[in-house]
**Q** 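There's a structure below that I have some questions on.
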Amino acid sequence: MTNQEIAKLLRNIATAYFIKDDKKYRFQTLAYQRAADAIESTSTQVKDLIQDDELEKLPGIGPSIQAHLLELIKTGTVEYFESILKDIPQAVFPLLDVPGFGPKKAYRLVTTFSLENPKTVIKDIEKIAKQGKIAPLDGFGEKSEQDILRGIAEFGKGVGKATRMALPYAAEIAEKLISYLKKSEEVIEAEPLGSLRRMRSTVGDIDMAVATKHPEKVIEHFIAYPYKDRIIEKGELGASLILSGGQQVDLLTQPPQRFGSLLQHFTGSKNHNIALRELALKKGYSLSERGMKKESRDGKEILEFKTEESFYKFLGMDWIPPEIREDKGEIERALKHDLPNLVELKDMKGDLHIHSAYPIEPSHDMGQTSMEDMLVKAKRLGYEYLGFSEHNPNLSKHSKSDIYSIMAKRKDKIEHISLSKKYIRVINLLETDILPSGELAMDDKALEYVDGTIVSIHSNFGMDMNKMTRRVLKGLSHPKAKILAHPTGRLINSRNGYELDWEKIFEFASANDKAIEINSFPERLDLPDTLIYEAIKYGVKFVINTDSHHEKHMDLMKYGVSVARRGWAQKHDILNTLSYNDFITWLNK
DNA sequence: GCCGTTTTCGGCCCGACTGTTTTCAGTCG
């Protein structure tokens, strides 16, 4: 059973408690949700955690849930869970993914209409609503029946909570929206919030914070946004839209003197905020997006925070970068004034994964921009060096001697260009396939024409974990293989990637001076942040690359940096923050 | 059900918004 599946089961238990009696079981509900969060966000499998006696150390897993999980891994089921779930029809759970449905509404409708099939329940509800059978029920009405139909329609189109978009697309949408918002004179400040501000790899809703003295005018301006599909809600302090592309955008406002609290509150993460509120409560303060309330005899006074810095300072801590606000120890470190100094975009001195348009007759897709133009762009980005790493020549279409000659010509070209472009250093790399056998697609003689090679998997993704791990380790053990590119092989929203034994990969990389890539491409963002966080414990070094196939892709570096920051990476963890000479020294190790 | 430099018992995060309601329940973030 995967962690994902276990987390889902725990969430179902929370839902079941909530349906049974949300007041009586309020804290059980909360506890099971927290346990689900904990399981979901750990990169080690529960089975392994049990083996190493580490399960109980996860925050939110206590003696009771630990015993249940033990039983689950051992026998495949948990008697206690079964007894709780037996009163809740299975058809309730798929509905929870539909916008507007929570546990209560789902349970009410499923039981009222005796729906039993989880596979058809959404369609069944849609049919019932269309027949007008929901509006007459107590607590429902015409409006809520229409809402249900719309929620189901949107779910079908992948709108709302069902899908999350890759970070760079969300950032683009937010940028446009911010420049629109700033056209209003009433907007004093506008910033993205939520997972977008924390730079998570995927973003659900796009949340926006605005500081203003006249929220009603800002909200009017916001809901007049020309690229909207419709308005979901509109209140005194905020509003929500669905854009024509299906993305949801939420606007939240506060007066400027409270902007710090607003930013902090809606940047989250939820767990970070819960931990902060518990901390504040001990000091006698209650937190909200408006500020802090102190309980006193004279009633309640609100403390206001114009900036996030002053907010965190008031609680006795340093300002925490949004990327690491996940309650993974950042609060304790901030209290001790001991936060890591995260890597920044300006630290980057080069990009090593560049596919130019050089006609190498590659095994995979070719770049679209000439080497010369890529170098001009690199200069503009302030880089000291650029590494060309086209895909290796296609094996099936060329003889060995063809390949040697292609590689020799390319080497001449790079040397020539290197001499003529004095403003930047050029590194001759290659992206070489690791074949299913673990052999590299290029033989030793072909690799003599490059200074080093990036290696990566582009075929046979379905291998089991042990075979795939052996394959990668064998490929990486070639002396010229220095960087493992897009290590999980995932493509966000389309492919899950293959499984690797990360402990073995990290140990090997750390011991043998091999770097792991953090790929900045929107659908990749790979290695993912949670694995970076683990890898750093092994002393693994990284390179942050863009995998550019066009000059414009080179701007994506900031997203790779944000992934690294979310994994708590500092400048010294990232090899392409090194000067050219130091980087070459590492490359030749 | 979890958790503890104020506690091994007694707490546990907070508010906005909507719809169907005459004071609240449900959903969301």
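A, B, ... follow the sequence lines: proteins, then strands. Residue 1 opens every chain.
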**Q** Using a 5.5 Å cut-off between ring centres and planes within 30 degrees, is A:F101 stacked on the base of B:dT27?
**A** no
**Q** Regarding A:Y227 and A:Q247, do their side chains bring together a donor and an acceptor under 3.5 Å, going by distance alone?
**A** no
**Q** Contact class for A:E233 vs. all strands (heavy atom < 4.0 Å): base, sugar-phosphate, or nothing?
**A** sugar-phosphate
**Q** With distance as the sole test, does A:N3 use its side chain to make a donor-acceptor pair with the main-chain N or O of A:V46 at under 3.5 Å?
**A** yes
**Q** Sort out the partner of B:dT8 for me: Watson-Crick or G-U wobble, both distances under 3.5 Å, none otherwise.
**A** none
**Q** What's the closest nucleotide to the side chain of A:R290 if the choices are B:dA16, B:dG1, B:dC12?
**A** B:dA16
**Q** Is A:R26 touching bases, backbone alone, or none of the nucleic acid, heavy atoms closer than 4.0 Å?
**A** nothing
**Q** Over all strands shown, is A:Y107 touching base, sugar-phosphate only, or nothing at heavy-atom distances under 4.0 angstrom?
**A** nothing
**Q** So does A:K57 pair up with A:D52, basic N to acidic O under 4.0 Å?
**A** no
**Q** Please find the pair of heavy atoms, one from A:E330 and one from A:H272, that lie closest to each other, and give the distance.
**A** OE2-ND1, 2.7 Å
**Q** Is the phosphate of B:dG19, meaning OP1 or OP2, less than 4.0 Å from a side-chain N or O of A:K143?
**A** yes
**Q** Give a yes/no answer on whether the side chain of A:K104 brings an N or O atom under 4.0 Å of OP1 or OP2 in B:dG26.
**A** yes
**Q** Which is true for A:K234 with a 4.0 Å heavy-atom rule: it touches a base, it touches only sugar-phosphate, or it touches nothing?
**A** sugar-phosphate
**Q** Between A:T29 and B:dG1, is there a side-chain N or O to OP1/OP2 distance below 4.0 Å?
**A** no
